[in-house]
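Contents: one structure, followed by commentary.
The figures here come from the full heavy-atom set of this structure, side chains too, leaving out hydrogens, waters and symmetry mates. No experiment lies behind these values; they were computed from the predicted model shown. One is the number of the first residue; the rest follow in order along the sequence.
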Amino acid sequence: MNTFFTLALMGFVALVFFTLIFMASRYKRCPSDKVLVIFGRVEKGRSSNTIHGGGAFVWPLVQDYSYLSLTPITINIPLENALSLQNIRIHVPSTFTVGVSTAPEIMSNAAERILHLQQPEIEEMAQEIIFGQLRLTVASLTIEQINQDRESFLESIRKNVEPELNKIGLHLINVNITDITDESDYIASIGKKAASEAINRAKVDVAQQDKSGAIGEARAMKEQEIEVAKALAEAEIGRKTAEANQRKKVQEQEADAVQGENISNADIANYNAGLEVKRAAALQQAEVAKYEAQVAIQQAIYNAEQERLRAEEVVGEEIEKNKIEIAAEAEAEKTRREAQGVADGILAKYEAEAKGIQKLLVAKAQGYQKIIESVDGDHQSAATLLMIEKMEELVAKQVEAISNLNIDKITVWDSGGNGDGSSTSNFISNLFKSLPPLQDISEMAGFELPEYLGNIKSKENTAEDIKKVAEAEEKTEEAEE
């Protein structure tokens with residue numbers, strides 16, 4: 001029994017161990033630079049579950065998983081001959097940096113559209129989108145807006161490109177416009193004009209700055225002289241004030257030193273007295289604690305012995321209880337199996353009888369079908385043949401009914417009759433006539449016998465025969481009396 005429980009326990013531990021290993025193998029963690037996509041049987045109304053960070057359990061058979069990389073992708077866009085708002089064609093070479101977004105709704109778009117695409121395929125798809133939207137942005141701006149206000153130009157690009165990239169699960173990380181040129185040198189002319197204006201403004205600014213510098217220098221020299229005189233006067237006043245404060249501070253420190261020495265001596269005396277009192281109290285508490293500890297040790301030993309004895313008793317009772325439960329379970333299992341065996345035997349017997357009856361009925365049905373086929377489908381003829389087959393059994397039943405009559409003796413007074421036969425012959429004839437004739441039996445069964453087996457008498461002859469039988473019976477009764 002112990003071996004059985006040991007094996008069962010080992011089997012249970014092994015099952016739990018392998019279950020934990022299997023569960024751990026199906027728990028998928030998502031790295032910080034990837035998006036975990038779980039597809040298959042997911043929430044209703046969604047094609048997949050996307051997770052960034054953390055992890056999730058992937059059910060076997062009904063679910064599978066894959067990862068989307070969050071590594072940025074750099075795409076060069078050599079846009080040329082883009083038509084601006086002024087119908088001037090310009091070249092806008094640029095570099096776009098894109099990547100898979102971590103926003104929930106955009107991650108779902110990425111899972112649906114680029115999950116199993118290679119990076120070159122993703123780059124090609126993003127490049128087509130950026131080309132179209134960049135041309136659209138350039139067509140809505142003038143050369144001056146594009147060249148002079150780069151921040152607004154980049155914001156316009158982001159506004160047009162970002163929503164289209166979001167549709168395939170990407171978002172725009174950075175845009176870098178390297179250089180903008182045009183075939184008609186319009187931008188270069190604007191640059192020369194701006195440079196000339198800047199040079200002229202710079203010259204005017206230099207002259208104004210020289211003038212302002214001379215005036216400022218004179219003012220600064222005068223203000224410097226005033227500030228120096230003021231600073232010297234303030235320094236002298238400060239020196240004298242500091243000397244007076246220093247002398248006052250020294251006097252206060254000497255008085256505080258004398259007072260502090262007296263206070264320190266008093267504090268030392270008080271401290272020593274309190275120290276002696278604390279030593280005596282500590283010694284007393286140590287002795288009390290020593291005796292209390294000894295009492296606690298003895299009490300703990302007593303409690304431990306009581307617990308040990310109680311544990312031994314409980315273990316013995318638990319073992320007896322387990323033995324009784326195991327014996328009861330074994331007896332119950334034996335009873336269940338015996339009852340199951342009896343039930344299975346009864347069920348097998350009835351199933352065999354049912355199969356035998358079914359085969360008998362099927363055989364009879366097939367025989368009846370062949371009889372009907374042999375008479376070309378004439379059901380009346382088929383019934384007649386079946387009845388003829390049973391005729392011997394019916395006659396045997398009639399003979400058996402007569403043979404079972406217990407007749408001690410028969411006395412017949414033969415008066416000679418009226419020429420219709422003797423009384424003895426009439427008695428025997430009437431006895432056999434009391435049996436149902438074959439024609440009557442066949443008529444009750446609903447069919448007619450062949451003519452060579454005899455015909456049924458007419459109703460008038462039948463009535464006369466009945467009358468004769470009745471008269472013969474009355475004479476017999478009178479003779480007996």
Side-chain angles (χ1 to χ4, degrees), residues 14-79 92-137 150-151 153-178:
L15 178 62
V16 172
F17 177 72
F18 286 113
T19 302
L20 291 176
I21 291 177
F22 175 74
M23 298 289 285
S25 66
R26 298 304 300 176
Y27 186 81
K28 303 303 177 182
R29 294 173 294 276
C30 181
S32 59
D33 62 340
K34 295 181 183 296
V35 173
L36 176 61
V37 181
I38 300 174
F39 52 89
R41 187 179 181 87
V42 295
E43 298 177 7
K44 187 176 181 181
R46 301 185 60 180
S47 60
S48 61
N49 289 336
T50 53
I51 301 171
H52 176 232
F57 184 80
V58 180
W59 290 101
L61 299 180
V62 298
Q63 288 184 342
D64 205 347
Y65 71 97
S66 184
Y67 290 99
L68 281 172
S69 177
L70 296 178
T71 304
I73 301 173
T74 301
I75 303 174
N76 294 320
I77 306 296
L79 181 63
V92 187
S94 58
T95 303
F96 285 74
T97 303
V98 300
V100 175
S101 176
T102 56
E105 62 278 1
I106 302 177
M107 282 195 299
S108 297
N109 293 340
E112 292 176 358
R113 291 174 171 83
I114 63 173
L115 177 60
H116 295 294
L117 295 182
Q118 300 297 324
Q119 182 168 337
E121 296 174 332
I122 298 174
E123 290 181 4
E124 183 179 359
M125 186 184 300
Q127 191 176 37
E128 293 297 328
I129 294 174
I130 293 171
F131 261 117
Q133 296 302 316
L134 186 59
R135 287 184 182 277
L136 179 64
T137 304
R150 290 294 180 91
E151 291 296 330
F153 180 47
L154 294 177
E155 184 63 27
S156 299
I157 293 174
R158 184 179 295 275
K159 183 178 179 181
N160 291 330
V161 173
E162 181 85 17
E164 299 301 319
L165 291 176
N166 290 345
K167 293 179 181 179
I168 62 171
L170 302 177
H171 78 108
L172 184 61
I173 298 175
N174 183 48
V175 181
N176 184 23
I177 306 297
T178 56

In Å, rounded to the nearest 0.5 Å, how long is the span from [atom1] of [X] to [atom2] of [Y]?
{"X": "F96", "Y": "L165", "atom1": "CZ", "atom2": "CG", "answer": "8.5 Å"}
{"X": "D64", "Y": "K28", "atom1": "CG", "atom2": "NZ", "answer": "9.0 Å"}
{"X": "L79", "Y": "L134", "atom1": "CG", "atom2": "CG", "answer": "4.5 Å"}
{"X": "K167", "Y": "N109", "atom1": "NZ", "atom2": "CG", "answer": "10.0 Å"}
{"X": "E128", "Y": "I75", "atom1": "CD", "atom2": "CD1", "answer": "10.5 Å"}
{"X": "L68", "Y": "H116", "atom1": "CG", "atom2": "NE2", "answer": "9.0 Å"}

Got [X] and [Y] here, is their nearest side-chain heavy-atom distance under 4.5 Å?
{"X": "I157", "Y": "Q133", "answer": "no"}
{"X": "T71", "Y": "Q119", "answer": "no"}
{"X": "L36", "Y": "Y67", "answer": "yes"}
{"X": "L170", "Y": "I114", "answer": "yes"}
{"X": "V161", "Y": "V175", "answer": "no"}
{"X": "I38", "Y": "W59", "answer": "no"}

Taking every non-hydrogen atom, the tightest pair across [X] and [Y]:
{"X": "S101", "Y": "M107", "value": "O-CG, 2.9 Å"}
{"X": "R158", "Y": "I173", "value": "NH2-O, 3.9 Å"}
{"X": "S108", "Y": "R46", "value": "OG-NH2, 3.8 Å"}
{"X": "F57", "Y": "Y27", "value": "N-CD1, 3.9 Å"}
{"X": "S47", "Y": "F39", "value": "O-CB, 4.1 Å"}
{"X": "P78", "Y": "F131", "value": "CD-CZ, 3.9 Å"}

Using a cut-off of 6.0 Å, state whether more than 12 heavy atoms not belonging to [X] lie near its atom [atom1].
{"X": "R150", "atom1": "CZ", "result": "yes"}
{"X": "E121", "atom1": "CD", "result": "yes"}
{"X": "R29", "atom1": "CZ", "result": "no"}
{"X": "E105", "atom1": "CD", "result": "yes"}

Would a distance-only check, ignoring hydrogens and angles, find a side-chain to backbone donor-acceptor pair under 3.5 Å from [X] to [Y]?
{"X": "R113", "Y": "G169", "result": "no"}
{"X": "Q127", "Y": "N76", "result": "yes"}
{"X": "T178", "Y": "P93", "result": "yes"}
{"X": "N49", "Y": "V42", "result": "no"}
{"X": "H52", "Y": "S32", "result": "yes"}
{"X": "Q63", "Y": "V58", "result": "no"}

Scan T97, I122, V100 and name whichever one has a side-chain contact (heavy atoms from CB on, under 4.5 Å) with I73.
I122

